[in-house]
Visitor: 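Let me give you the structure first, and then I'll get to my questions.
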Amino acid sequence: MNTSTSGQIIVKGISGSPGICIGKAYLVDKEGVNLIKRYPINDAQISNEIDRFKQAVSKAKNDYARIIESIDKAIEDNIDILETHMVLFEDKMLYERTIDTISIDKINAEWALRKVAGKAKSMFQQIDDPYLKARVNDIDQVMDKIMANLIGAQDKKISDINKRVILVAHDISPADASQIQLERIKGFVTDRGGKDSHTSIIAKSLKIPSVLGLGKATVNVKNDDILIVDGSAGILIINPDEDTLFDYVERLTRFEIYRAGLERESHLPAITKDGVVLNLMANIELVEEIVAAKDYGATDIGLFRTEFLYLDLRRFPTEDELFCKYKELVELMLPHSVTIRTLDINGDKVNSYLSVVEEANPSLGLRAVRFCLENEAVFITQLKAILRAAAIGNIKLLIPMISCVEEILQVKQIIQKAVQDLEHEKKVFNKDIPLGIMIEVPSASIMADYLAEHVDFFSIGTNDLIQYSLAIDRRNPQVAHLYQALNPAVLRMIKMTCDAAKKKGIDIVMCGEMAGDPINIPVLIGMGLTDLSMNSASIPVVKNMIRNIDSRKAKSHMKKIMVLNTAKEITDYIINEYKDILPFVGEDEIL
Ligand code: PEP
Ligand code: MG
């Protein structure tokens with residue numbers, strides 16, 4: 001925390017969702033929840049205390065049920081999170097142990113709940129799996145809700161807020177977030193919350209700036225204080241001085257004008273100054289995202305992540321369920337192509353019904369194609385649905401996390417089995433579709449020339465390629481500064497992959513987040529990449545960058561970049577060469 005003589009306080013937190021907002025603070029915490037006391041009870045009071053606890057839980061559940069029923073369509077995904085909390089309310093670990101603790105320790109319900117929740121949290125904290133670790137947050141939110149009922153705290157209802165404000169809270173639970181009305185709430189900041197917490201998932205889905213994990217933000221902020229939330233930098237500024245405020249107002253205005261201008265131009269072709277045409281595609285997870293992808297100017301869907309249907313359903317979907325989804329998707333995109341990636345489950349996208357064995361290192365475990373090869377029936381079901389949809393639309397089939405030649409040979413055999421099944425069942429399908437593999441493991445990049453013999457295209461997944469080649473967990477904020485797309489080792493891997501594809505005459509796409517950051521575009525064009533897939537919102541800014549680049553110059557810059565030793569040297573080189581066209585370089589960078 002940094003306090004200046006003017007009273008301005010700057011607090012560094014974690015970026016929950018990007019963007020900047022400036023406005024008045026509105027504190028939404030439940031007073032008293034953090035100030036509970038321990039007091040002993042006698043035998044005669046035990047049953048009364050247990051009843052009080054049960055009523056508090058039951059009220060919390062009723063509140064949740066009402067919220068789930070009235071939830072806004074736009075944030076329907078939150079229902080899953082709320083349902084997780086509903087289960088936690090009656091989970092043995094919390095519910096029964098609190099009741100036992102009241103009667104065994106003879107203490108008040110508030111203290112018993114805090115004690116039990118504390119133990120449950122420390123148990124989760126010791127688990128290596130970051131997904132389970134993040135569940136500590138859920139326990140906190142459930143405990144707060146019950147505690148608020150126990151002490152009779154008055155909830156300030158977020159849905160009742162009738163002015164444009166920035167929410168300041170110790171925590172924002174999924175239930176709170178579901179009440180956020182986007183026309184009223186400019187952004188939010190919280191003490192709690194980490195990169196993988198549910199709050200950060202919600203912040204992104206709401207697309208309003210937010211900073212999480214601030215430690216003590218609510219202590220320093222009073223209602224109506226002026227706040228600046230810099231969600232991109234993960235910074236909260238409380239009562240900014242005049243210069244800072246002026247600076248941020250300017251940045252915000254410039255950013256909004258710039259962004260609006262880019263979006264107006266998003267339908268122009270992605271063509272370099274010397275006439276090289278690039279194909280900008282969208283990465284999507286849900287069919288509903290197609291509208292936004294088209295609005296932002298995506299030509300095709302370069303990556304459809306299929307795991308979310310499996311996670312939402314909490315069971316393996318049937319062939320027909322998958323077929324219907326894929327059919328809807330490809331029909332909406334016709335005549336353009338959709339690259340459907342087969343199940344990339346486990347790793348960071350876990351679900352309890354899928355992970356049979358607990359893994360110490362899920363990212364290095366039975367993930368993606370490894371899971372599919374072990375669970376052939378699940379794989380065949382998905383492949384059959386994809387091949388059937390390929391008779392209707394323009395599909396490319398993409399296999400994630402291939403790390404050796406044997407795996408792709410095995411995949412091909414299983415595709416053959418899916419084809420035989422479909423023939424036997426006399427279903428309409430199309431097996432003549434391009435088959436590609438993600439290049440996201442260093443071994444695949446090193447073996448790219450051999451792998452190219454067996455497939456029609458490569459898709460470079462930089463999100464994982466960076467994590468695996470630099471040994472940096474992509475979700476760990478402690479090592480986030482070392483996660484560098486422009487690290488020379490990463491660039492070498494990408495270059496090797498591009499060269500192998502070119503030599504063997506197969507297509508190559510990049511579909512990791514690296515493709516969505518303008519600073520990387522000169523190098524990617526320099527390496528000859530013309531097909532880039534990214535989150536839709538990045539397309540306008542990347543397109544603008546491409547339209548200002550000369551590919552011949554980018555090629556000669558790339559050669560110079562490839563002999564530089566460090567990510568810093570490479571970044572400085574690009575900034576220096578492209579400062580006139582890079583959006584908001586240096587201190588002003590807010591994209
Ligand atoms: C990647 O690894 O770059 C990628 C696009 O896949 P995901 O982010 O789904 O792992
Ligand atoms: Mg990946």
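From a predicted model like this one, the values you see are computed outputs, not experimental measurements. Counting starts at 1 for both ligands and their atoms, following the listed order. By convention here, the first residue in the shown sequence is residue 1.
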Visitor: Which atom name does Glu440 have for its N/O/S atom nearest to the Mg ion (ligand 2)?
Guide: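 The Glu440 atom nearest to the Mg ion (ligand 2), restricting to N, O or S, is OE1.
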Visitor: Does at least one non-hydrogen atom of Arg341 fall below 4.0 angstrom from an atom of ligand 1?
Guide: yes
Visitor: Any nitrogen or oxygen of Arg305, main chain or side chain, under 3.5 Å from a nitrogen or oxygen of ligand 1?
Guide: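 Yes, at least one N or O pair falls under 3.5 Å.
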Visitor: Could you tell me which non-hydrogen atom of Lys555 sits nearest to which non-hydrogen atom of Gly526, and how far apart they are?
Guide: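 Minimum heavy-atom separation between Lys555 and Gly526: CG-O, 3.6 Å.
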Visitor: Tell me if the NZ atom of Lys504 is crowded by more than 12 foreign heavy atoms within 6.0 Å.
Guide: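 Yes, NZ of Lys504 has more than 12 neighbouring heavy atoms, counting only those of other groups under 6.0 Å.
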Visitor: Go through ligand 1 atom by atom and flag the ones less than 4.0 Å from a non-hydrogen atom of Cys511.
Guide: 5 (C)
Visitor: How does Leu303 reach ligand 1, by side chain, by backbone, by both or by neither, if only non-hydrogen atoms under 4.0 Å count?
Guide: side chain
Visitor: With backbone taken as N, CA, C and O and side chain as the heavy atoms from C-beta onward, which portion of Arg367 lies under 4.0 Å from ligand 1: side chain, backbone, both, or neither?
Guide: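 Under 4.0 Å from ligand 1, Arg367 contributes side-chain atoms alone.
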Visitor: With a cut-off of 4.0 Å, which atoms of ligand 1 are near a heavy atom of Glu440?
Guide: 1 (C), 2 (O)
Visitor: In ligand 1, which numbered atoms sit nearer than 4.0 Å to a non-hydrogen atom of Asp464?
Guide: 1 (C), 2 (O), 3 (O), 10 (O)
Visitor: Does Lys568 have more than 12 heavy atoms from other residues, nucleotides or ligands lying within 6.0 Å of its NZ?
Guide: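 Check fails, neighbour count at 12 or below.
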Visitor: Report the name of the N/O/S atom of Asp464 located nearest to the Mg ion (ligand 2).
Guide: OD2
Visitor: Gly512 heavy atoms, cut-off 4.0 Å: which ligand 1 atoms fall inside?
Guide: 3 (O)
Visitor: More than 12 non-hydrogen atoms from neighbouring residues, nucleotides or ligands closer than 6.0 Å to NZ on Lys412, yes or no?
Guide: yes
Visitor: Determine, step by step, whether Glu569 and Thr566 satisfy the side-chain hydrogen bond (donor to acceptor under 3.5 Å, both in side chains) criterion, reporting the C-alpha distance in whole Å, the side-chain angles of both residues, the deciding distance to 0.1 Å, and the verdict.
Guide: CA-CA 5 Å; Glu569 280 175 273; Thr566 67; 3.1 Å; yes
Visitor: What do we get for Met438 next to ligand 1 when only non-hydrogen atoms under 4.0 Å count, side chain, backbone, both or neither?
Guide: side chain
Visitor: Are the charged groups of Asp464 and Arg367 less than 4.0 angstrom apart, N to O?
Guide: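 Here Asp464 pairs with Arg367 in a salt bridge, since their nearest N and O are under 4.0 Å apart.
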Visitor: Can you establish whether the number of heavy atoms outside Lys396 located under 6.0 Å from its atom NZ is more than 12?
Guide: no
Visitor: For ligand 1, note which part of Glu285 has a heavy atom under 4.0 Å away: side chain, backbone, both or neither.
Guide: neither
Visitor: Give a yes or no on this: more than 12 heavy atoms of other residues, nucleotides or ligands lie within 6.0 Å of atom NZ of Lys294.
Guide: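 Yes - once you tally the heavy atoms of other residues, nucleotides and ligands closer than 6.0 Å, there are more than 12.
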